[in-house]
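Here's the structure, in structure tokens; my notes come after.
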Amino acid sequence: MTADFSTHPDSKKKWMLTGIAAILVIVLIIPLAYIKSRQKMYRSSIATGQDIEKGSTFVGKEKCRDCHRNEYEKWQNSDHDRAMEKADNLTVLGDFNDTEFTHNQITTRFFKKEDRFFVNTIGQDGAYKDFQITHTFGFSPLQQYLIPFEGGRLQCLTIAWDDVKKKWYALPNHTDDYMDWLHWTGQGQNWNGMCAECHSTNLKKGYDITTDRFTTTWSEIDVSCEACHGPGSMHVVWAQTPEMGRKDVDNFNLVVQTRDMTSEDFIQVCAYCHSRRASIADFSHSRDNIMDYMVPSLLTEHLYYPDGQILDEDYVYGSFMQSKMFLNGVKCNDCHDVHSQKLKVAGNDLCITCHRKDTYDTVNHHFHKKMYQGKESQGDDCIQCHMPETVYMGIDKRADHSIRIPRPDLSRTLQTPNACNAVGCHSDKSLEWTNEQMTTWYGKKKRPHFGEIIALGRQGDPAAVRDLISLSKDSLFPGIVRATALSLLSAYPSQQSYTALETALSDPDALVRQTAISTINILRFDKDASLMFPLLYDPVKAVRIQAALGVASINNLKLTKDQDRVFESVKKEYISAMEYSGDFPAGRYNLALLYSALGQNDKAIENYKQSIRIDGLFFPAKNNLAMLYNAKGENEKAETLFIQILEDRPQMYDIAYSLGLLMVEEKKYTQGLIYLQKAADGLPDRARIQYNFGLLLQFQKKMTAAEKYLLRARSLEPDNFDFLFALADHYIKGNRLDSARMPAEKMIRLFPENKIGYDILRYINERNKKTVNPN
């Protein structure tokens, strides 16, 4: 599966009450001169490819074979060749000899009728049914199977064939709940949107948002020559022309240049498929930037450990972008044969093509013997130490391409894995033992690691702000790391954060720029149209279209006729991009964001509903829909949605806070107390929550408890006028005038222009005089 819409991760992130788009909530501000310079650079670098693609068509791998037989033979039976095939006696590897597989007391049967393959299992209505398998999906170490459904859909069965152990097994994401988004009949296992674009050549998704149907097409069923090189008809014509008659053309009339490329250009050829991302358009070989058709995922906590190690599948791109190898110009094809996908050289010999053998492939470097206790050691293997493998899909090992130095010291502080204590190495040893060995070999000094900053940011630790800002500005770090640091500023609404985000808007890295404006939107900082509008001309589509969302959300926006024309044009681009992903809850969600910003609340509500229909657990849509209902005075509907979110995710204390405030608004004070206490205790560092809960306790005459939470609010923000006033007022109501004096005096000292502090102090003094002189 390739699309990443982050619908089900268990995350500690403090969601803002306005919700967050899972694909994009991005708007950028960049000086117009900068944009024009970037446009010129991009246009000149890809103009040739665009011209060729306009005149070239897909012709198929057979047209390539005669001239490129060596490459063709390497490609045959590779992962790309067998990425997808029609199901027949040659391609199907699983046991369909009337074989049964039982999982969670549900029995699935695999069988054949003549030359057709079938499975009997529970379908979308919870009943057993026979389903015909029409296509295979992959082949090693596992093979999955596709089943056609109405609406042009192909669904991916989550019971797969283990081709190593020759048996059926349930994938880790398998669920028996046919109402779940991840059930094999649900959108989470839909081939058209989740998988197709990376398993076939010239894939056109063909989703129609008005009918909720697919007309998905491809030119070749597998990942063939033109999947990487682009449509080849003009190249074939050039190649078939006698050599003396050939014109002098760029790149042999191929759309994609694959030689004499920088690492950045080369990885863009691979990135569309080998990345966790959100797609916003069909892939085109002549696009300026990968973010014209996709948005790479950041180092979010459901995908990566805080130090950037892979947690969930990342398909390599997000990891490799962190590596020193990428930053130093290493390309995918330096290690991999691009046609067979195999490593060019086995073992450490691969690494010593660049690194000195006499320095790194020695005991003095890795301190491990080749044989240990009569067995072959893995400790001298570069890949085992620097690219530890993780098993995904139950049986498929994937190496971490961030190619990092083992840091067991971070395992102690960040709870991250390390290669030393991994299964198969020293899993029987303690972390303390491992760190002692590392200290003995390499010394006590350890380099600071960005993971320490990311970890604090994920926790919402106030101490993280300065370091997150510094990390975001440090160009020595990869863009994906700096962008992640910016995204974590969403937990720190302040002028300091805003200044850092504003600075990042002119960053050369599109992902950094995109994340900066995304975070500004989440925090709902006011936006300046004079800074926002030039972004409608941004050369990167993912930035440009979200500029339209940002412009739409500016209050009292006044545009000239020409500006309005540009805005309307880019707004249509945004709508088209979100409708492209409208088969996902996040696509509908982002459409709702735009319509809500434009004041078209009926369209917003409908798209939020559709988002929830696709995935009943997609809480950002429920949250925003509840807020819209609340604004319309339909509080019962809002209350129902908030309660549903908390039933699914009881640790979402922000939602408890919203629900508590809604209950108070409805004068359901007893229920409001329950939810506000849940929020206050769950988010003890959120001063405003402590303050509001304290006020409600005071209103309910629970004076002792009210004081506790009002004091907690003041301790978190000791100079906050509202909190000082609430505390003084609380003490006066309890006839504790001496206690009220301190906050009143502080109000006068900090806010001398505000007369309320003086009034309170005067009231206290007058009351004291009456107490001393009652007559």
Answer whether the closest heavy-atom distance between the side chains of [X] and [Y] falls below 4.5 Å.
| X | Y | answer |
| --- | --- | --- |
| Leu625 | Ile612 | yes |
| Pro620 | Tyr589 | yes |
| Leu591 | Glu579 | yes |
| Asp212 | Arg153 | yes |
| Leu662 | Phe642 | yes |
| Leu716 | Asp685 | yes |
| Ile159 | Leu171 | no |
| Glu301 | Pro306 | no |

Quick check: Tyr207 with Tyr580 (ring centres under 6.0 Å apart)?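 Between Tyr207 and Tyr580, which both carry aromatic rings, the centre distance is not below 6.0 Å.
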Can you confirm whether or not the ring centre of Trp191 sits under 6.0 Å from the ring centre of Phe149?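 Centroid distance Trp191-Phe149: not below 6.0 Å, so no.
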Return yes if some donor-acceptor pair links the side-chain N/O of [X] with the main-chain N/O of [Y] below 3.5 Å, else return no.
| X | Y | result |
| --- | --- | --- |
| Thr102 | Gln105 | no |
| Thr640 | Glu636 | yes |
| Asn720 | Asp722 | yes |
| Lys603 | Leu594 | no |
| Ser715 | Arg712 | yes |
| Gln610 | Arg588 | no |
| Thr515 | Ser487 | no |
| Tyr128 | Thr107 | yes |
| Tyr492 | Leu468 | no |

What heavy-atom pair brings [X] and [Y] nearest, and what distance separates the two atoms?
| X | Y | value |
| --- | --- | --- |
| Thr121 | Phe131 | O-CE1, 3.6 Å |
| Pro585 | Trp181 | CD-NE1, 3.9 Å |
| Ala713 | Ala687 | CB-O, 3.5 Å |
| Asn590 | Met578 | CB-SD, 3.3 Å |
| Ile480 | Ser297 | CD1-O, 3.6 Å |
| Leu695 | Ala726 | CD2-CB, 4.1 Å |

Full working for side chain to side chain contact (heavy atoms under 4.5 Å, CB included) between Leu593 and Tyr608: CA-CA 9 Å; Leu593 287 178; Tyr608 283 136; 3.6 Å; yes
Between [atom1] on residue [X] and [atom2] on residue [Y], distance to nearest 0.5 Å:
| X | Y | atom1 | atom2 | result |
| --- | --- | --- | --- | --- |
| Asn192 | Leu146 | CG | CG | 9.0 Å |
| Gln514 | Thr519 | CD | OG1 | 9.0 Å |
| Leu697 | Thr704 | CG | OG1 | 10.5 Å |
| Glu313 | Arg276 | CD | CZ | 7.0 Å |
| Thr484 | Leu489 | OG1 | CG | 11.5 Å |
| Phe137 | Cys195 | CZ | SG | 4.0 Å |

Could you walk me through whether Glu707 and Tyr731 pass the side-chain hydrogen bond (donor to acceptor under 3.5 Å, both in side chains) check? CA-CA 9 Å; Glu707 181 181 3; Tyr731 287 136; 3.0 Å; yes
Under 4.0 Å between a side-chain nitrogen and a carboxylate oxygen: does that hold for Lys609 and Glu606?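 No.
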Please report, to 0.1 Å, the donor-acceptor pairs under 3.5 Å made by any side chain of residues 666-678, with sequence neighbours excluded.
from: Lys668; atom 1: NZ; to: Glu639; atom 2: OE1; distance (Å): 3.0
from: Gln677; atom 1: NE2; to: Asp681; atom 2: OD2; distance (Å): 3.4
from: Lys678; atom 1: NZ; to: Pro650; atom 2: O; distance (Å): 3.0

Side chains of [X] and [Y]: do they bring a donor and an acceptor to under 3.5 Å?
| X | Y | answer |
| --- | --- | --- |
| Thr175 | Asp177 | no |
| Tyr304 | Asp314 | yes |
| Tyr392 | Asp312 | no |
| Glu197 | Ser279 | yes |
| Gln155 | Asn190 | yes |

Determine the interplanar angle of the Tyr178 and His183 rings, folded into 0 to 90°, and report it as parallel if under 30°, tilted if 30 to 60°, perpendicular if over 60°.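 The rings of Tyr178 and His183 stand perpendicular, inter-plane angle above 60°.
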Under the ring-ring contact (aromatic ring centres under 6.0 Å, His included) criterion, do Tyr709 and Tyr691 qualify, and how do the steps go? CA-CA 6 Å; Tyr709 287 94; Tyr691 164 76; over 10 Å; no
For Ile522 and Ser518, run side chain to side chain contact (heavy atoms under 4.5 Å, CB included): C-alpha distance rounded to whole Å, both residues' side-chain angles, the deciding distance at 0.1 Å, then the answer. CA-CA 6 Å; Ile522 292 167; Ser518 170; 4.1 Å; yes
Assess whether atom [atom1] of [X] is packed by more than 12 heavy atoms of other residues, nucleotides or ligands within 6.0 Å.
| X | atom1 | answer |
| --- | --- | --- |
| Arg688 | CZ | yes |
| Phe699 | CZ | no |
| Met179 | CE | no |

Between Gln187 and Asp615, does the side-chain hydrogen bond (donor to acceptor under 3.5 Å, both in side chains) criterion hold? Intermediate values first, please. CA-CA 8 Å; Gln187 184 57 35; Asp615 181 7; over 6 Å; no
Could you go through the side chain to side chain contact (heavy atoms under 4.5 Å, CB included) check for Asp282 and Lys204 one step at a time? CA-CA 6 Å; Asp282 285 328; Lys204 304 300 180 187; 3.7 Å; yes
With Asp564 via salt bridge (Lys or Arg N to Asp or Glu O under 4.0 Å) - residues at least two apart: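 Not a single residue meets the salt bridge (Lys or Arg N to Asp or Glu O under 4.0 Å) criterion with Asp564.
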For Tyr629 and Leu641, run side chain to side chain contact (heavy atoms under 4.5 Å, CB included): C-alpha distance rounded to whole Å, both residues' side-chain angles, the deciding distance at 0.1 Å, then the answer. CA-CA 10 Å; Tyr629 280 145; Leu641 288 166; 3.7 Å; yes
